[in-house]
There are 2 protein chains.
Amino acid sequence: MTIDDAPRDALRGGPRELLRWVATGAAVSRADLSRLSGLSPSTVSQRVEALISQGLLEEAGAGRSRGGRRPRQLAVPTGGAVVGAIDLGAHHARVGALDLSGRVVQARTLPVRIEDGPEAVLGALLAEVATLVDGDPAASRGGSATGALRGVGIGIPGPVQHSTGRIVSPSRMPGWNGFDVAAFCAGRVDVPVIVDNDANLMALGAHRTAHSELDHAVYIKAGTGIGSGVISSGRLHRGAQGSAGDISHCRVVADPAPPCTCGNAGCLEAVASGAALVTALREQGVPVSDLTGVIRLIDDGDRQATALARQAGRAVGEILAVVVNFFNPQVVAIGGRLADCEPLLASMRATLYERCLPLATQTLLIERVAAGQDVGITGAAHLVIDHVVAAA
Amino acid sequence: MTIDDAPRDALRGGPRELLRWVATGAAVSRADLSRLSGLSPSTVSQRVEALISQGLLEEAGAGRSRGGRRPRQLAVPTGGAVVGAIDLGAHHARVGALDLSGRVVQARTLPVRIEDGPEAVLGALLAEVATLVDGDPAASRGGSATGALRGVGIGIPGPVQHSTGRIVSPSRMPGWNGFDVAAFCAGRVDVPVIVDNDANLMALGAHRTAHSELDHAVYIKAGTGIGSGVISSGRLHRGAQGSAGDISHCRVVADPAPPCTCGNAGCLEAVASGAALVTALREQGVPVSDLTGVIRLIDDGDRQATALARQAGRAVGEILAVVVNFFNPQVVAIGGRLADCEPLLASMRATLYERCLPLATQTLLIERVAAGQDVGITGAAHLVIDHVVAAA
DNA sequence: TCACTTTCTTCGATTACAAAACTAAGTCAG
DNA sequence: CTGACTTAGTTTTGTAATCGAAGAAAGTGA
């Protein structure tokens with residue numbers, strides 16, 4: 001199954017946008033939607049009618065008058081249709097059921113062992129999606145068509161060809177190379193399955209929830225691995241091969257240059273990823289087992305760990321400086337487990353300001369990704385919803 | 001005067017695109033246009049009618065039959081409306097008059113002294129534009145409104161805020177900082193004036209003439225200075241402040257790191273620009289006066305010059321590797337006077353292939369910008385035409 | 001009770017495009 | 001040289017999306 005690309009009309013009054021405004025509470029009535037979208041009241045009425053008849057929207061009684069007729073309130077049906085989302089990480093996966101507005105209905109984190117291979121891992125996660133969807137108490141009140149699963153979105157911590165759903169030479173996912181995730185999943189669930197890189201999904205989720213008014217944004221995901229997602233003109237930029245944002249193997253100055261899993265040395269991933277920090281600390285004789293341990297050390301002010309975090313921040317900043325000069329985004333946000341690591345963030349910021357064109361940093365926002373552990377599944381859900389609502 | 005941004009409908013059957021297809025010879029008849037654009041014959045007929053009545057297109061007799069009725073050939077009126085274009089460089093400016101298809105009607109290169117300041121330089125160039133437009137022999141055959149100048153596009157070798165036409169802290173243009181080029185020119189000619197960075201114009205020109213079917217492209221302009229222009233989803237990406245593509249002050253590894261005009265050291269511009277090569281050679285005691293001399297030395301196989309060219313190529317490649325990984329374009333093309341310098345190109349290529357993700361370089365085209373010395377004015381003309389035809 | 005507001009719908013008018021039928025003008029086989 | 005077939009282009013009609021104006025619905029407040 002080939003998924004057609006980005007929603008062309010996600011901008012300006014498309015059904016998705018109306019839905020999102022209602023969902024976020026930005027709009028409560030048709031009149032609100034008209035004002036927000038710039039569409040005429042008649043057009044909005046018509047569209048809302050269509051959405052209601054599809055079960056994607058419902059009326060929720062009358063609101064307070066503001067001096068005239070009371071608005072007929074709109075709402076996204078709770079307990080209505082949902083989408084499933086999986087944000088696969090190196091050691092854990094976040095699995096969730098979200099309503100068509102992109103709000104999390106149910107979610108939980110599961111431990112995974114990537115090395116068990118795609119069939120085992122994805123099979124278990126899809127089963128969990130099914131459980132979460134059924135387990136939604138509101139959804140179980142009837143067999144109506146609107147209460148059903150409409151699609152599943154999956155984020156993979158490695159390069160994915162979004163158009164086909166196939167994984168392409170991932171560096172930390174033994175046994176997954178070339179695996180067709182979309183096809184495998186399509187065989188287990190009879191709804192559309194959309195697969196994308198985890199950083200792309202984080203970018204989409206963060207952009208939609210926090211920066212939807214900004215045109216150009218870059219989101220860095222720094223966890224066990226390191227990647228980024230790019231929003232250009234309000235849309236996810238995937239590039240020619242779908243590998244846009246994959247900065248993990250950009251070379252940075254580091255002495256000595258640590259060897260990378262890709263065979264080169266001095267890659268950003270080998271200097272600034274969570275995995276790299278663990279390795280480097282171990283080599284220095286510090287007994288840490290995983291990224292959680294490293295973060296704890298840094299929070300405790302451990303000198304070696306902090307020094308490494310600073311070096312990592314500089315490395316990220318170095319690459320990001322080129323990206324900011326080149327792409328000139330309105331915002332650069334960093335997410336993933338390392339985003340909470342203050343020293344890293346601080347030296348990244350410093351490097352950015354030092355190395356970028358003043359014009360480019362003058363109004364640039366440098367932030368932490370806000371949405372927390374659910375950004376990934378939120379982004380996945382948005383991707384699916386865009387696809388599902390477009391098809392409706 | 002604020003110019004509204006990018007033509008939203010430049011893609012798929014807009015008037016501009018029809019015009020361009022006729023101009024490039026891709027389409028000769030209405031039927032051709034229908035096939036190319038995917039629009040129905042009736043719609044094409046209608047649009048062509050409109051373009052003809054605006055004097056932007058004309059019928060040019062019947063063509064050869066291909067087994068049926070002969071096509072009524074279409075052509076862009078020669079000697080009809082023209083646009084003026086100025087591609088300002090560090091020492092020279094290319095000035096031209098182009099027809100509404102973007103074809104060069106008249107063009108010449110003038111020496112300029114940037115340091116004479118904006119009024120003097122721009123005044124002289126605008127006068128030259130007027131001469132070229134009047135001097136077009138075909139245009140002088142009548143005072144019809146279609147034979148007139150419709151707009152002027154200007155490329156500036158420094159940061160420009162495209163929306164306002166104002167220059168922002170240029171590094172090699174003393175006396176130009178903050179100058180409002182658009183306003184100044186609008187006072188001298190009573191047609192729209194559009195101002196942009198020279199690299200952006202080169203990108204637009206090269207993309208429209210050579211890569212119009214590619215979505216994502218990066219064009220490097222390596223001349224006296226060094227800059228780049230970015231095409232994302234078929235449109236010029238200017239970024240938040242309009243400074244996208246300005247990679248001149250990205251830091252590269254160089255030992256010793258040469259000081260840059262910006263106050264930092266080791267900037268790409270201080271290592272790989274034409275100006276930097278001249279400076280470096282002089283410091284090594286080689287008596288060269290300008291970039292032309294440097295290029296001659298390189299062509300002659302001079303050891304010192306060639307070594308510097310290689311170092312410059314590596315530096316460009318280093319930055320470009322990050323850009324390619326991040327942006328994943330279909331093509332990277334290099335233009336400007338240094339583009340003909342083989343050793344530079346070769347080491348840039350090598351660095352790119354060495355440092356990029358295989359997935360990103362697998363189908364990546366790495367080329368020289370083809371269109372020669374007129375790319376800049378061609379891009380400028382396209383920008384103006386897009387604006388003018390959209391307004392019509 | 002009446003003027004006024006806000007909300008939402010209804011009803012043309014407009015625009016942009018497509019589909020189909022038709023006209024125009026040719027080729028080519030017999 | 002005639003008729004079947006092709007290609008080119010126009011005209012007519014239909015459809016979908018959207019807007020604008022008018023009005024209906026439902027309220028507020030003096």
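Computed over heavy atoms, backbone and side chain alike; hydrogens, waters and symmetry mates excluded. Below, chains carry the letters A, B, ... as their sequence lines are ordered, and counting in each starts from 1.
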Chemist: Kindly state each residue pair satisfying salt bridge (Lys or Arg N to Asp or Glu O under 4.0 Å) with at least one member in residues 66-78 of chain B, sequence neighbours excluded.
Modeler: B/E59-B/R72
Chemist: For a quick test of reading the model: is some side-chain N or O of A/T43 closer than 4.0 Å to OP1 or OP2 of D/dC19?
Modeler: yes
Chemist: Going by side chain to side chain donor-acceptor pair (under 3.5 Å), name the residues that satisfy it together with A/T363, two or more places apart in sequence or in a different chain.
Modeler: B/Q241
Chemist: Taking donor-acceptor contacts at under 3.5 Å, does the side chain of B/S42 reach the base of D/dG9?
Modeler: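 Checked by distance alone, the answer is no.
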Chemist: A/R72 has an atom CZ; how far is it from atom P of D/dG27, in whole Å?
Modeler: 12 Å
Chemist: Which part of the nucleic acid, if any, lies within contact of A/R64, taking any heavy atom under 4.0 Å across all strands shown: a base, the sugar-phosphate backbone alone, or nothing?
Modeler: nothing
Chemist: For B/G234, is there any backbone N or O sitting under 3.5 Å from a side-chain donor or acceptor partner on B/H216?
Modeler: no
Chemist: State which residues pass side chain to side chain donor-acceptor pair (under 3.5 Å) with B/R35; sequence neighbours excluded, sorted by chain then number.
Modeler: B/D32
Chemist: Mind calculating the distance between CD (A/Q46) and C1' (D/dA16) to the nearest angstrom?
Modeler: 9 Å
Chemist: Hey, mind stepping through B/D386 and B/R208 against salt bridge (Lys or Arg N to Asp or Glu O under 4.0 Å) and telling me if it holds?
Modeler: CA-CA 12 Å; B/D386 283 354; B/R208 291 283 174 90; 2.7 Å; yes
Chemist: With sequence neighbours left out, what residues match A/H211 under side chain to side chain donor-acceptor pair (under 3.5 Å)?
Modeler: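 Scan of A/H211 (side chain to side chain donor-acceptor pair (under 3.5 Å), adjacent residues dropped) gives A/Y219, A/E367.
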Chemist: Quick one: what's the B/S/- string for nucleotides 24-30 of chain C, heavy-atom cutoff under 4.0 Å, read 5' to 3'?
Modeler: BBBS---
Chemist: Between A/R35 and C/dT7, is there a side-chain N or O to OP1/OP2 distance below 4.0 Å?
Modeler: yes
Chemist: Starting the side chain at C-beta, find the nucleotide from C/dT7, D/dG9, D/dT18 nearest to A/L39.
Modeler: D/dT18
Chemist: With sugar-phosphate meaning primed atoms plus P, OP1 and OP2, does B/P71 contact a base, only sugar-phosphate, or nothing at under 4.0 Å between heavy atoms?
Modeler: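 Answer is sugar-phosphate: B/P71 comes under 4.0 Å of backbone atoms only.
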Chemist: When you measure from every atom of DNA chain D, which of residues 23-34 of chain B have a heavy atom less than 4.0 Å away?
Modeler: B/S29, B/R30, B/A31
Chemist: My understanding is that only residues two or more places apart in sequence, or in another chain, count here; which of them pass side chain to side chain donor-acceptor pair (under 3.5 Å) with B/T43?
Modeler: B/S40
Chemist: Relative to the 5' end of DNA chain D, which residue comes earlier, B/P41 or A/P41, by the nucleotide with the nearest heavy atom?
Modeler: B/P41
Chemist: List in chain and number order the residues that pass salt bridge (Lys or Arg N to Asp or Glu O under 4.0 Å) with A/R103, two or more places apart in sequence or in another chain; answer none if no residue qualifies.
Modeler: A/D99
Chemist: What pairs with B/D374 under salt bridge (Lys or Arg N to Asp or Glu O under 4.0 Å), at least two apart in sequence or on another chain?
Modeler: B/R94
